[in-house]
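All values derive from a computational prediction rather than experimental measurement.
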Amino acid sequence: MPRPGRRMRRAESNHRIRVVLVGGHESAEGVELRRIADRIDDAISAGAGRGFHNAVSVALEQGDTVVVVPMTFGRNPTMVADAAKTLKWLKDKHEGRVALTAPFGQPDHLIAWLRRAANGAKAVDAGTALLIVAPPSNPFDEAELHRIAYLVGTNGALGEVGVAIAADEAGVAASVERLHRLGSSRVAVVPAGFAASVPAADADHVGPLMSDAAIIRVVRTRVGDALASLEAGDDGIDDGLMADHGHGYAHSHAFEEAQGGHAHPHGHSHSHQHTHSHAHTHSHSDEHQHAHSDEHQHSDEHPHSHGHSHHHAEDAAGHSAGLHEHN
């Protein structure tokens, strides 16, 4: 995918490549993606649902090859799966011209960028608390953000890292006031997703989480990888359909079996082999410092994030994904 301002190459001489950035609650249902799409030729943004379906349908009817990028840091797997379902239905009429990329990022990437924000806030005032702000979504995605905040704070640069699930300035201000009452001399607020800013009173803004240029570089990488996979016969849709596997309440039959019955059968045609890649997410600042996630830190500027295993998947480190930023 070309740099902003250049046109993308065409998959075939008569096929334009149309990039669709689809978003959910991490981007105000796609609204926060408009400024990104505006800087990429032949790109549009859409919120998940009917608007996304219509945008893809129109592009396909115009003869475009459509590459969809799920714009999530891993906190909205349901949106990825829903997008994949839409594409699976549409691709029957347009085989070979629809592709779904890997998600924009993963939770480890979000942890790394938030740790970078925490380090920046500490440089101004060691008594700063970091407040991570996100709009209301659902209990599971909100709980995931609290987990991420805990990991950001564990052995981190700041002693206090909080979360504000708030839809407006009043909600953010209440969380800011709470942190002040807990003894923080300064509160720095940062969005948890793609918002350019956060509504807040009596707080310092340290967002956006990533620069627009850095976001565009990641999108470019995702699109390039998806086009290469599509040429090899893999449209990425089946992987997307499994994105929310295991998300939400665990489906346990312990109670049913204890009562002597199990009313519904299961016919799983897919395997349940899981590979966790929670390792070594890198974030580079202007000085090319490494800001990794939570544990095993060598210094405040070079903490490493370790999850369940040390499996180094294609994007776990963030380098091949473009989730490191050089300005």
Using only heavy-atom distances, determine whether the side chains of Thr72 and Glu26 contain a donor-acceptor pair under 3.5 Å. yes
State, without any angle test, whether Thr128 and Arg186 hold a side-chain donor-acceptor pair at a distance under 3.5 Å. yes
Between Asp212 and Arg35, does the salt bridge (Lys or Arg N to Asp or Glu O under 4.0 Å) criterion hold? Intermediate values first, please. CA-CA 8 Å; Asp212 289 355; Arg35 70 181 194 278; 3.0 Å; yes
Are Leu60 and Val56 side-chain neighbours, meaning at least one heavy-atom pair lies under 4.5 Å? yes
Work out which heavy atom in Leu100 is nearest to a heavy atom in Ala84; give both atom names and the distance. CD2-CB, 3.8 Å
Let me confirm one number: the CD1-CG distance from Ile132 to Leu114, rounded to the nearest 0.5 Å. 4.5 Å
What is the distance from atom CZ of Arg217 to atom OG1 of Thr221, rounded to the nearest 0.5 Å? 9.0 Å
Is there a side-chain contact between Leu209 and Val190 (heavy atoms, below 4.5 Å)? yes
Rounded to the nearest 0.5 Å, how far does CG of Leu230 lie from CD1 of Ile237? 9.0 Å
Contact check, side chains of Glu61 and His94, non-hydrogen atoms, under 4.5 Å: yes
N/O donor-acceptor pair under 3.5 Å between Arg222 side chain and Phe104 backbone: yes
For a side chain to side chain contact (heavy atoms under 4.5 Å, CB included) check, start with the C-alpha distance between Leu110 and Asp108, then their side-chain angles and the critical distance, and finish with the verdict. CA-CA 5 Å; Leu110 180 55; Asp108 275 1; over 6 Å; no
Quick check: do Phe73 and Gln106 have side-chain heavy atoms less than 4.5 Å from each other? no
Any luck finding a side-chain donor-acceptor pair between Ser185 and Asp125 under 3.5 Å? yes
Test your reading of the model: is there a side-chain donor-acceptor pair from Thr154 to the backbone of Tyr150, 3.5 Å cut-off? yes
Closest non-hydrogen atom pair, Val176 against Ala203: CG2-CB, 4.0 Å
Thr65 side, atom OG1; Glu231 side, atom CD - distance, nearest 0.5 Å: 11.0 Å
Would you check if the side chain of Ser211 reaches a backbone N or O of Ala214 as a donor-acceptor pair within less than 3.5 Å? yes
Check: Val219 and Ile40 side chains under 4.5 Å, non-hydrogen atoms: yes
Side-chain heavy atoms of Phe194 within contact of Ile36, under 4.5 Å: no
If you look at every heavy atom in Pro107 and Ile148, which pair is closest and at what distance? CB-CD1, 4.1 Å
Answer whether the closest heavy-atom distance between the side chains of Leu179 and Leu131 falls below 4.5 Å. yes
For the residue pair Pro191 and Pro208, what are the closest heavy atoms and their distance? CG-CA, 4.2 Å
Does Glu142 reach the side chain of Asn138, with side-chain heavy atoms less than 4.5 Å apart? no
Give a yes or no on whether the backbone of Thr86 and the side-chain of His53 come within a donor-acceptor separation of less than 3.5 Å. no
From OG (Ser57) to CG (Leu90), nearest 0.5 Å: 4.5 Å
Go through it in stages, so that I can follow the logic: the residues are Met71 and Val22, the test is side chain to side chain contact (heavy atoms under 4.5 Å, CB included), and I'd like the CA-CA distance, side-chain angles, deciding distance and then a yes or no. CA-CA 6 Å; Met71 299 297 287; Val22 60; 6.0 Å; no
Same cluster (ILVMFWY, side-chain, under 4.5 Å), Leu227 and Leu21: yes
Separation of Ser197 OG from Glu32 CD (nearest 0.5 Å): 7.0 Å
Test side chain to side chain contact (heavy atoms under 4.5 Å, CB included) on Val19 and Ile44 and set out the steps. CA-CA 6 Å; Val19 174; Ile44 57 175; over 6 Å; no
Closest approach of Ala59 and Arg18, non-hydrogen atoms and distance? CB-CG, 3.9 Å
Least distance between heavy atoms, His146 atom then Val163 atom: CE1-CB, 3.6 Å
Without swapping roles, check the side chain of Arg75 against the backbone of Asp141 for a donor-acceptor pair under 3.5 Å. yes
